[in-house]
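Presented below is the structure to which this report refers.
For clarity, every value in this text was computed on a predicted model and none was experimentally measured.
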Amino acid sequence: MLGGQLLHGGDYNPDQWLSYPEVFEEDVRLMKEAGVNCVSLGIFAWATLEPEEGRYELDWMDHIITRLEEEGICVILATPSAAMPHWLTQKYREVMQVQADGHRNLSGKRHNFCYTSPVMREKITAINRELSKRFGRRKNVILWHISNELGGNFGDSTCHCELCQEVFREWLKKKYGTLDELNNAWWNQFWSHTYTDWNQIHSPVPYGETTSTALILDWKRFSTEQISDFCEMEIRAVKEFSDLPATTNFMYFFKGLDYNRMQRGLDIISWDNYPHWHKQKDEVPAAVKSAANHSMMRAFKKAPFLLMESAPSGISWRTANPLKRPGMHMLSCMQAVAHGSDSALYFQWRKGRGGFEKFHGAVLDHKYGSNTRTFRDVSEVGKRFKNLSTLIDGTVNQPKAAIVFDWENWWAVEDTQGPRLDFEYKEWIVSHYRTFWEEGIEVDLISMDADLEGYALVSAPLNYMYKEGWADKVRKFVSNGGHFVTTCFSGEVNDTDLCFLGHHPLEDVLGIVPEEIDAPSEEFENSFCYGGMEYPAKDLCGIVHPRDTVEVLSVYEKDFYAGCPVVTCNPYGNGKAWYLAAESDLAFLRAFYKDVFAEVGLHNALDTELPYGVTVTERSSADGEGEKRIVFVMNFKNEPVMVEGIGKWMDAESGETCEGSLELEAFQCRVLTR
């Protein structure tokens, strides 16, 4: 745990207020009152830190860091690459991105820079070294914050300039070796797309090639590699005079970059979470999506992460931006901690007077200082975190289940032409994740590159692409006693989007032979019975044939494939593999996974049935040797609920004994221990 405490605070932009000297001292006083112990500095401050090329103005930053140190407030210090100063873009036009339509951007917005540009790399390295020399060993500076939401520039996260094209071609040469190998891997005989010169290759753009799915895949891989390399270059610069850890803030299910690749260069994972609370009266869908992202961030390193940004009140960029209802701010902060975060940090501390985000929620509004509901809500979190820090220090969630969420598979399946054109991979994953969440069974979200050791159950919905070695990894996992779930339209292609020939790569493990896939309209919706209940088979219906070893648990009831398996279970080695041939609904997934959990022996930390809207997580000693077990019970309903059959526990914060049942107020989180 950084600084030995749960971090509470957030983005602070004093560079916007330098002409208002009275504001800073007021900020420090109110931070103490709100229980703020950490702020992030300098995220968009390049123009103030370096107002002219090579002239660094760091004294103002020094003053702020020193004053915060006096008050016991630690600092996460950012590199300023997210927003370039106008002197840079005016003098060096080549630092700005070229969009897919061939036009180079004008100056403005943020992340408007070419990740390949030698000039951009030179200039950001220079200022990062200055920051590292001046502040990298300050007592209260605890972490480097690299840039901000890399790739998030309100559009395409990549640059299509000629320099990027050249580096892309070199990347392809390194990957494939020869044009013959590339042409074969991309199936370029189709539509006479065979390349005879490396210079013929161009990134996918609207006025050029957009139908080669392998080209699109490799361009996305390359773009992730370039942005990851840029981030790692920044890390090397700040670590030249400092041994602090480094992070960069990820975003909610961000499709543009493969975070599984990016996380490898980071010491600590952090992300920015803005759930759409109160979009509807049922808060469960928003809670599930938020929890899924928390689970993903934790799973990258199997370690605590940081919630780097969240909203202390409303936000400003959705069509409708509801305020958090009473209790929701505390619950959303506790949800992060419950899933493995060691912080709840906000964007932002004080609202700006002008600019794009002047109405985005902040701890301090434009008026009334501490006399606001938001400030009081934030202060309550600060008080609670102070007491929680000791309780959870040295703990992390350690699930026995995992769901495969893989960026390359996401890109590939949503770009494929047929059997449907409306695949929503993220929604498939979230629907399966929700069944775990509702049962209070913790689950990691992992890529196909992850180690499966230590998991009892692995689910891989819509696992269209099998990366090299994935089938063998699953085969070994099941053979050694693991339980595996997968669905229709899985195992169709390899990692260059070439279809497998001859048989399904996991035919022996799954015990089925896939033949066809129907994508019926609503008029041809099918159905099946499972556990005595009828469920729809819709959108995607795989027609498969069972092998002798498989147990058929359900079959289609209609159409020409009536009687073909829908749900199967196949023993393989010491484990089992389930196959879901049809897409169905949430009611079916609940029933199916409930049976799987019972088979595998998975249950929540309270070992009881949970009311709708209530979930449970557990943080335990990370070293595996301690006795510490901290259980979080969260109610996402805006009304009281009672959880029955919990056994005997103690409220870890109040010391109250809880036996048999547990009462939860609306939007309440209670923390229990044995």
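Other residues, nucleotides and ligands contribute over 12 non-hydrogen atoms within 6.0 Å of the CD atom of Gln280. Around NZ of Lys173, the count of heavy atoms belonging to other residues, nucleotides or ligands within 6.0 Å exceeds 12. In this structure, Trp187 places its CH2 atom where only 12 or fewer heavy-atom neighbours from other residues, nucleotides or ligands lie under 6.0 Å away. The number of heavy atoms from other shown groups lying within 6.0 Å of NZ (Lys400) does not exceed 12. Crowding of Gln189 atom CD: a count of heavy atoms from other residues, nucleotides or ligands under 6.0 Å exceeding 12. In the displayed structure, Glu525 atom CD is contacted under 6.0 Å by more than 12 heavy atoms of other residues, nucleotides or ligands.
Sorted by first then second residue, the salt bridge (charged side-chain N to carboxylate O under 4.0 Å, His left out) pairs that include residues 214-231, not counting sequence neighbours, are Arg121-Asp229, Lys175-Asp218, Asp218-Arg221, Lys220-Asp415, Arg221-Glu408, Glu225-Arg261.
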message: Applying ring pair (Phe, Tyr, Trp, His ring centres under 6.0 Å) to Phe113 and Phe230, what does each step give before you reach the verdict?
response: CA-CA 11 Å; Phe113 63 86; Phe230 186 93; 4.9 Å; yes

- prompt: Where do Phe347 and Tyr274 land on the ring pair (Phe, Tyr, Trp, His ring centres under 6.0 Å) test, with the steps shown first?
  reply: CA-CA 10 Å; Phe347 182 83; Tyr274 295 98; 7.4 Å; no

- request: Please assess Phe253 against Phe405 for the test ring pair (Phe, Tyr, Trp, His ring centres under 6.0 Å), listing each intermediate value before the final yes or no.
  value: CA-CA 10 Å; Phe253 280 125; Phe405 180 87; 5.2 Å; yes

- request: Let me see the working for Phe588 and Phe528 under ring pair (Phe, Tyr, Trp, His ring centres under 6.0 Å), right down to the final yes or no.
  value: CA-CA 10 Å; Phe588 165 68; Phe528 62 96; 5.0 Å; yes

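In this structure, the side chain of Arg298 does not engage the main chain of Ser341 through any donor-acceptor pair within 3.5 Å. Checked by atom type and distance alone, the side chain of Glu209 pairs as donor or acceptor with a backbone atom of Thr211 at under 3.5 Å.
Under the 6.0 Å cut-off for aromatic ring centres, His294 and Phe305 qualify, their centroids lying closer than that. Ring centroids of Trp317 and Phe356 are separated by 6.0 Å or more, keeping the two rings apart. Trp219 and His160 have their aromatic ring centers within a separation under 6.0 angstrom. Two rings, from Tyr425 and Tyr464, have their centers 6.0 Å or more apart.
Atoms SG and CZ, on Cys114 and Arg104 in that order, are 7.5 Å from each other to the nearest 0.5 Å.
Checked for salt-bridge contact, Asp267 and Lys301 miss the test: no charged N lies under 4.0 Å from a carboxylate O. Classification of Asp449 and Arg264 as a salt-bridged pair holds, one side-chain N sitting under 4.0 Å from a carboxylate O. With salt bridges taken as basic N to acidic carboxylate O contacts below 4.0 Å, one links Glu438 and Arg434. The pair Glu162-Arg169 counts as a salt bridge, with a side-chain nitrogen and a carboxylate oxygen less than 4.0 angstrom apart. Salt bridge Lys538/Asp585: absent, no basic N to carboxylate O contact under 4.0 Å.
Using cut-offs of 30° and 60° on the angle between ring planes, the pair Trp407 and Trp410 is tilted.
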Run the side-chain donor-acceptor check on residues 577-584: report pairs under 3.5 Å with partners two or more places apart or on a different chain.
residue : atom : partner : partner atom : Å
Ser584  : OG   : Pro536  : O            : 2.7

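Residues meeting the side chain to side chain donor-acceptor pair (under 3.5 Å) test with His432, sequence neighbours left out: Tyr593. Checked against side chain to side chain donor-acceptor pair (under 3.5 Å), Lys255 has the following partners two or more places apart in sequence or in another chain: Glu414. Residues that satisfy the side chain to side chain contact (heavy atoms under 4.5 Å, CB included) test with Glu507, not counting sequence neighbours, are His503, His504, Val513, Arg547. Legend: residues meeting side chain to side chain contact (heavy atoms under 4.5 Å, CB included) with Phe500, ordered by chain and number and at least two apart, are Tyr466, Asn494, Pro505.
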